[in-house]
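Everything below concerns the one structure shown next.
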Amino acid sequence: MSAQAVVLPPWPYPFWIAHRGAGKLAPENTLAAFRLGAQHGYRMFECDAKLSADGVPFLMHDATLARTTNAKERLAAQASATGGDHAWAELSQLDAGGWHSRAFAGEPLPTLENAARFCRANGHALNIEIKPTPGTERHTGKVVAAHAARLWRGAAVLPLLTSFSPEALQGARDSAPDVPRGLLLDCLPGGWLESALALDCVAVVCNHALWTGGSVAQAHGAGLRALSYTVNDEGAAQRLMELGTDGIITDRVDLFSPA
């Protein structure tokens, strides 16, 4: 008797996901990037969320401010380089676009609420990577998930919360169990599937090179979706589609048509 095909629960998200809004074509994790990604036809975006010192979830990837803001020029010389050490009132004054190009100079850091309003107004889906300041993993997961539950209350499609930090995902589950979660992985250690299941995840999101026919089958067999980051060439994308994976996060919004 042949093995019975696994029937996965409905998946409400688009296959193609724009990394940090529009990949590298606009300053990452800004509404300008979301708008540019949307202009290229993308209907789902990935972004990174962390907390200000006074508990406001805002979009930024790095723990420190230097790479993607003008904090060095704007803040006092003795000020902390860590974004999470500053109140939102300070962070909101930073330029998060000028580092990328003059065309985006003056683009502000967005709050998670800004991103939610944009996505809900335009019918877009969002993958929120919980990116805690080191030492705040569980607390960040709790707060980001609670805000997500509030900001998407009544929405047909909730955001997908992901993190490399199991502690952040535990915090998210504690405060907003109904907001779906995915475990991010940069390797597939022993017990990876069990870890995702223990966190009540709906997906595993890993480096695209790690997926094989066997690991995709394992994920699907456990009722989980298999998503990949960060796929920027056609050969890799074609391989993942042939494997039957469920989503691709890409910088190349100018290369891949999500239609």
Side-chain angles (χ1 to χ4, degrees), residues 1-13 15 17 19-20 44 46-51 61-63 125-146 148-149 158-232 236-237 239-250:
M1 183 183 294
S2 61
Q4 185 175 1
V6 176
V7 179
L8 292 167
W11 188 243
Y13 305 107
F15 183 82
I17 306 163
H19 189 223
R20 302 183 194 173
M44 184 170 182
E46 185 268 356
C47 68
D48 304 286
K50 51 176 26 76
L51 299 182
H61 176 274
D62 298 3
L126 193 63
N127 167 199
I128 305 167
E129 180 182 345
I130 304 169
K131 204 77 172 179
T133 299
T136 70
E137 286 79 9
R138 187 181 290 264
H139 176 65
T140 300
K142 285 184 176 181
V143 175
V144 169
L158 297 174
L160 176 65
L161 302 178
T162 59
S163 187
F164 286 101
S165 166
E167 293 83 0
L169 291 174
Q170 288 165 2
R173 180 182 60 186
D174 290 346
S175 68
D178 293 334
V179 180
R181 292 170 300 283
L183 178 62
L184 275 161
L185 296 170
D186 58 9
C187 63
L188 289 181
W192 64 272
L193 190 60
E194 290 78 9
S195 296
L197 292 171
L199 291 163
D200 297 319
C201 289
V202 299
V204 172
V205 188
C206 69
N207 184 308
H208 65 89
L210 297 173
W211 287 120
T212 65
S215 55
V216 171
Q218 281 184 278
H220 285 172
L224 301 176
R225 299 290 179 153
L227 280 68
S228 301
Y229 71 87
T230 304
V231 182
N232 293 329
R239 186 184 81 88
L240 293 164
M241 287 188 279
E242 290 172 358
L243 287 176
T245 62
D246 304 289
I248 285 177
I249 300 169
T250 182

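Keep in mind that the numbers below use all heavy atoms, side chains included, and drop hydrogens, waters and symmetry copies.
- Residues Leu199 and Pro166 have side chains in contact (heavy-atom distance under 4.5 Å, counting atoms from C-beta outward).
- Taking the side chain as every heavy atom from C-beta outward, Phe164 and Glu129 approach each other to under 4.5 Å.
- Here the straight-line distance linking atom NZ of Lys142 with atom CG of Asp174 works out to 5.5 Å at 0.5 Å rounding.
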Step by step, would you call Thr133 with Thr140 a side chain to side chain contact (heavy atoms under 4.5 Å, CB included)?
-> CA-CA 8 Å; Thr133 299; Thr140 300; 5.8 Å; no

What do the steps show when you test His19 against Thr250 for side chain to side chain contact (heavy atoms under 4.5 Å, CB included), and what is the final call?
-> CA-CA 5 Å; His19 189 223; Thr250 182; 5.9 Å; no

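- Nearest heavy-atom pair across Leu158 and Pro180 is CB-CD, 3.9 Å.
- Side-chain atoms of Glu242 do not come within 3.5 Å of backbone N or O of Leu240 as any donor-acceptor pair.
- Without hydrogens or angle criteria, Lys50 side chain to His61 main chain gives a donor-acceptor distance under 3.5 Å.
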Please output the side-chain donor-acceptor pairs of residues 203-226 that fall under 3.5 Å, not counting sequence neighbours, one pair per line with the distance.
residue : atom : partner : partner atom : Å
Asn207  : OD1  : Ala209  : N            : 3.0
Trp211  : NE1  : Leu227  : O            : 2.9
Trp211  : NE1  : Ser228  : OG           : 3.3
Thr212  : OG1  : Gly214  : N            : 3.3
Thr212  : OG1  : Ser215  : N            : 3.1
Thr212  : OG1  : Ser215  : OG           : 3.2
Ser215  : OG   : Thr212  : N            : 2.8
Ser215  : OG   : Thr212  : O            : 3.3
His220  : NE2  : Asp246  : OD2          : 2.7
Arg225  : NH1  : Asp246  : OD1          : 3.1
Arg225  : NH2  : Pro9    : O            : 2.5

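- With a 4.5 Å cut-off on side-chain heavy atoms, Ile17 and Ile248 do not count as touching.
- Taking every heavy atom of both residues into account, Val179 and Pro159 meet most closely at CG1-O, 3.6 Å.
- At distances below 3.5 Å, not a single donor-acceptor pair connects side-chain atoms of Lys131 with backbone N or O atoms of Ala49.
- Nearest heavy atoms, Pro132 versus Ala168: CG-CB, 4.1 Å.
- Closest non-hydrogen pair, Ala145 versus Leu161, comes out as CB-CD1, 3.7 Å.
- Not one N or O on the side chain of Tyr13 forms a donor-acceptor pair closer than 3.5 Å with the backbone of Leu126.
- Between Tyr229 and Leu184 there is a side-chain heavy-atom pair separated by less than 4.5 Å.
- Note on residues 160-171: pairs passing side-chain hydrogen bond (donor to acceptor under 3.5 Å, both in side chains), not counting sequence neighbours, are Asn127-Thr162, Arg138-Gln170, Ser165-Glu167.
- Ser195 places a side-chain N or O within 3.5 Å of a backbone atom of Gly191 that can act as its donor or acceptor partner.
- Counting heavy atoms from C-beta outward, Ile128 and Asp48 have side chains that stay 4.5 Å or more apart.
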